[in-house]
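Sharing a structure, written as structure tokens. Questions coming.
The structure presented is a predicted model; accordingly, all values stated were derived computationally and were not measured. A, B, ... follow the sequence lines: proteins, then strands. Residue 1 opens every chain.
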There are 2 protein chains.
Amino acid sequence: MKWHELGDMSCPVARSLAILGDRWTLLIIRNAFMRTRRFEDFQKQLGITRHLLSDRLSRLVDKNVLKKVMYQDSPKRYEYRLTEAGLALYPVILVLTQWGNTWLDENGKHPPLELVHKPCGHKTDSQLRCSECGEALHAKDMMPVVDTAAQR
Amino acid sequence: MKWHELGDMSCPVARSLAILGDRWTLLIIRNAFMRTRRFEDFQKQLGITRHLLSDRLSRLVDKNVLKKVMYQDSPKRYEYRLTEAGLALYPVILVLTQWGNTWLDENGKHPPLELVHKPCGHKTDSQLRCSECGEALHAKDMMPVVDTAAQR
DNA sequence: CTCGTAAGTTCCTTTTTAGAACCTAAGGAG
DNA sequence: CTCCTTAGGTTCTAAAAAGGAACTTACGAG
């Protein structure tokens with residue numbers, strides 16, 4: 001199977017990965033959440049080649065994850081900002097942060113990146129909870145159902 | 001920057017993506033959560049080339065996300081199962097599912113994949129909540145802190 | 001006129017991936 | 001015994017993607 005064919009699969013994970021599933025895209029989005037907006041800044045911070053950065057940013061704009069916003073008229077300059085769909089990726093960044101903190105520090109050489117939840121002032125470990133009953137969600141408790149009735 | 005160098009970065013997202021950030025790895029893990037365990041089954045279900053599947057499975061075993069378990073003695077046959085670290089990736093799969101359902105159905109042609117939370121019996125939209133105060137987490141409320149004191 | 005800046009684009013090399021064929025070890029049918 | 005099947009890979013070649021460095025364009029400052 002070729003990669004671009006994944007975007008049409010019925011599995012939402014496959015569709016998500018058709019956009020996000022490469023070496024750089026989620027790092028670009030991580031930096032976007034840290035308020036990086038300009039081509040040069042992404043390039044310097046990530047060490048990505050200019051070629052690839054250009055390609056990935058274009059794709060993210062095309063897929064409505066980022067939008068180009070003009071910030072200077074002459075010469076015209078644009079910066080990249082997260083759209084609503086892009087902002088909705090925050091949980092992805094957060095769960096990857098927590099997984100990396102928890103499981104990828106074999107030598108204990110990386111200080112954990114803690115996240116303070118400003119409204120309550122505490123260091124937080126995010127938890128995925130059921131929107132209906134509020135309990136923490138675990139793989140074994142979940143049953144997938146294809147909701148054909150909801151298809152428009 | 002070369003890809004393998006990412007594994008040593010202090011950012012936990014970069015370390016996570018050094019393992020998970022390619023076209024196939026998270027799809028392999030998605031299928032592992034759907035109880036796929038054998039080489040042939042992964043290959044048929046994903047349409048991945050055998051070469052790449054072999055490479056990715058080896059890497060996941062090496063990184064302690066999957067483990068090889070012998071299920072037949074003669075000839076020796078092994079299957080791949082999620083380790084504790086692998087099971088801890090469920091939130092990643094879940095948030096990618098929800099993002100794909102919500103944002104990647106431009107033509108309304110994909111029926112959403114609903115998830116029923118068996119303990120409460122309802123279709124659920126998972127929410128990320130603060131472990132300390134229980135409120136839903138949003139990017140703008142989070143402040144990263146490098147906890148050097150916790151470094152061993 | 002030259003320098004600097006932002007946002008790319010071009011060119012060439014190296015690395016990965018795709019796709020198909022081949023290998024190995026054991027078990028069973030004829 | 002010989003042939004076929006199964007599971008789990010490995011090998012080969014061609015195509016695609018990524019890396020790295022230099023070049024472009026459009027302006028403004030000195």
Rounded to the Å, how far apart are B:Leu52 CG and D:dT11 P?
15 Å
As an exercise, state the distance from CD of A:Gln43 to CZ of A:Arg38, rounded to the nearest 0.5 Å.
15.5 Å
Indicate for each nucleotide in nucleotides 5-14 of chain C, in 5' to 3' sequence, whether protein heavy atoms under 4.0 Å reach the base (B), only the sugar-phosphate (S), or nothing (-).
BBBBBBB---
Tracing side-chain links under 4.5 Å among I, L, V, M, F, W and Y, which residues wind up in one group with A:Met143?
A:Val145, B:Val116
Under 4.0 Å: is that the gap between some side-chain N or O of A:Ser74 and OP1 or OP2 of D:dA26?
no
B:Asp22 CG to C:dT15 C1': how many Å, rounded?
14 Å
Rounded interatomic separation in angstrom, taking CD1 from B:Ile48 and P from D:dG9:
13 Å
I need the CE-C1' distance between B:Met70 and D:dA7, as an integer number of Å.
14 Å
Strictly by modelled atom types, are B:Thr25 and B:Asp22 linked by a side-chain donor-acceptor pair under 3.5 Å?
yes
Taking atom C1' of D:dA18 as reference, at what distance in whole Å does atom CG of A:Leu27 sit?
15 Å
Got a sec, which pairs hit ring-ring contact (aromatic ring centres under 6.0 Å, His included) with one end in residues 54-85 of chain A, sequence neighbours left out?
none
Expressed as a whole number of angstroms, how long is the span from B:Leu53:CG to C:dA18:C1'?
14 Å
From OG1 (B:Thr49) to CZ (B:Arg56), nearest 0.5 Å
8.5 Å
Working to the nearest 0.5 Å, report the span between CG of A:Leu96 and CG of B:Leu96.
7.5 Å
Can you see if the side chain of A:Arg23 gets near the phosphate of C:dT16 - specifically, an N or O under 4.0 Å from OP1 or OP2?
no
For a quick test of reading the model: is some side-chain N or O of B:Trp24 closer than 4.0 Å to OP1 or OP2 of C:dT16?
no
